[in-house]
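So the structure is just underneath, and the comments pick up after that.
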2 protein chains.
Amino acid sequence: MVTLNRTREVNETLVKEKEAAFAEFIQRKGLKTTRQRNTIISTFFRLRGHISVEELLNEVKKVNPRIGYATVYRTLHLLVESGLVEERRFGDGLARYEGHSDVEHHDHMICLECGEISEFYNPRLEALQEKLAEENNFEIFRHRLELYGACKDKTACQARKGKKAAKSQGA
Amino acid sequence: MVTLNRTREVNETLVKEKEAAFAEFIQRKGLKTTRQRNTIISTFFRLRGHISVEELLNEVKKVNPRIGYATVYRTLHLLVESGLVEERRFGDGLARYEGHSDVEHHDHMICLECGEISEFYNPRLEALQEKLAEENNFEIFRHRLELYGACKDKTACQARKGKKAAKSQGA
DNA sequence: TGGAATACGAAAACTGTTTTCAATATCGAA
DNA sequence: TTCGATATTGAAAACAGTTTTCGTATTCCA
């Protein structure tokens with residue numbers, strides 16, 4: 001099992017790279033560079049985790065309070081389209097956005113007590129899925145696997161309980 | 001790999017059992033039996049697959065056109081609460097409802113070409129997930145795994161293409 | 001049966017997201 | 001630079017799916 005650790009500090013170099021990549025995307029598409037978009041993406045890439053639109057907007061407003069929902073939504077769509085960001089839904093009705101980690105793909109573990117969303121990756125799991133699909137004459141483009149449950153380390157878990165737990169749904 | 005086959009014909013006995021179970025649930029909760037609820041659940045249990053509210057309402061209206069969205073939504077919530085039905089979301093923004101199969105738990109394979117949603121279950125996959133969770137000090141309450149991709153049997157797949165493919169999202 | 005409690009249906013309200021629209025900003029060409 | 005075509009913005013309206021409200025109708029126990 002590989003649990004992916006997010007570094008606590010933001011990697012400035014990485015952020016700059018992503019900003020550059022986005023700028024290139026914008027140019028390639030013949031779109032325009034704007035102050036608002038720059039604010040939004042630079043804020044986004046400096047946040048960690050699975051960010052909802054509202055969370056992002058709140059942060060963005062600290063820099064420029066005149067930026068509204070529409071622009072944030074639009075910019076997030078562009079980020080997704082550029083491939084720099086992925087949209088996820090964990091069943092609480094909110095879209096969440098995630099800048100790519102160093103690891104191409106990963107699955108999620110969601111604690112229903114404290115709301116913590118952690119990531120993991122396991123090649124055997126991936127391989128097994130491939131095998132099952134194969135047996136079923138199915139070609140996987142992508143998948144998602146989410147484990148809903150609870151951290152066993154209750155002290156740390158309860159301590160995190162500031163953010164409310166995701167409502168969730170699943171199997 | 002176990003692929004779950006839905007029988008083409010509705011199992012009348014099973015449906016009656018579920019209707020009875022729901023009736024019992026209603027009674028236990030001190031709620032009332034109504035013509036509308038009966039229509040809705042009996043329609044629901046005779047449909048196969050992953051049913052959206054709109055699909056169900058359409059069917060229900062054939063029996064009693066005066067039944068509206070609100071009652072269908074309310075009844076579905078009761079069905080979920082009763083444990084007879086599960087709510088699922090496959091990322092197209094629609095809630096879908098599924099009467100329990102004979103098999104307790106299963107995962108999904110969603111063809112993005114023809115929209116077919118098939119079910120599968122594999123104990124090794126389940127076990128592996130448990131193991132990963134264990135290693136990560138996490139207790140799984142439930143999970144969901146969805147494989148998005150395409151049927152390899154293109155002829156059958158294309159033939160089914162009447163219903164539009166689920167929009168989807170995932171990893 | 002009477003009547004308290006529940007359910008109904010239509011419409012309004014809500015939530016998260018997308019679109020509209022008039023005003024503004026960007027940026028390549030002149 | 002300035003122009004001007006085109007893209008972008010922000011506020012507000014529109015949207016889609018779902019939930020709630022509210023007055024009326026139904027259920028069902030005493």
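Throughout, a chain's letter reflects where its sequence line sits, starting with A, and its residues are numbered from 1.
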So, is B:Tyr73 near the phosphate of D:dT19, with a side-chain N or O under 4.0 Å from OP1 or OP2?
no
Presence of A:His77 side-chain N/O under 4.0 Å of C:dT17 phosphate oxygens OP1/OP2:
no
Is there a side chain to side chain contact (heavy atoms under 4.5 Å, CB included) between B:Leu84 and B:Phe45? Walk through the geometry before answering.
CA-CA 10 Å; B:Leu84 290 166; B:Phe45 285 129; 4.1 Å; yes
The complete set of side chain to side chain donor-acceptor pair (under 3.5 Å) pairs with one or both residues in residues 54-72 of chain A, sequence neighbours excluded, reads A:Glu59-A:Lys62
Applying salt bridge (Lys or Arg N to Asp or Glu O under 4.0 Å), can you list everything that pairs with A:Glu134, at least two apart in sequence or on another chain?
B:Lys152
Determine the minimum heavy-atom distance between [X] and [Y], stating which atoms define it.
{"X": "B:Lys16", "Y": "B:Arg46", "result": "NZ-NH2, 4.3 Å"}
{"X": "A:Leu125", "Y": "A:Asn122", "result": "N-OD1, 2.9 Å"}
{"X": "B:Leu94", "Y": "B:Ser52", "result": "CD1-CB, 4.2 Å"}

Counting primed atoms plus P, OP1 and OP2 as sugar-phosphate and everything else as base, spell out the protein contacts along nucleotides 20-30 of chain C at 4.0 Å heavy-atom distance: B, S or - for each nucleotide, 5' to 3'.
B-----BS---
Residue-level proximity of residues 51-62 of chain A to DNA chain D when a heavy atom falls under 4.0 Å:
none
Using a 4.5 Å cut-off on heavy atoms from C-beta on, say whether the side chain of A:Phe120 contacts that of B:Leu132.
yes
Which angle, rounded to 10°, do you find between the first-five-pair axis and the last-five-pair axis of the helix from C:dT1-D:dA30 to C:dA30-D:dT1?
10°
Spell out, as yes or no, whether a donor-acceptor pair under 3.5 Å connects the side chain of B:Arg144 to the backbone of B:Arg89.
yes
Round to a whole Å and report the spacing from CZ of B:Arg37 to C1' of C:dC8.
10 Å
Mapping B:Gly68 and B:Gly30 onto DNA chain C by nearest heavy atom, which one lands closer to the 5' end?
B:Gly30
When the side chains of residues 20-30 of chain B are checked against the rest of the protein, which donor-acceptor pairs come out under 3.5 Å, sequence neighbours left out?
from, atom 1, to, atom 2, distance (Å)
B:Glu24, OE2, B:Arg28, NE, 3.2
B:Lys29, NZ, B:Glu81, OE2, 2.7

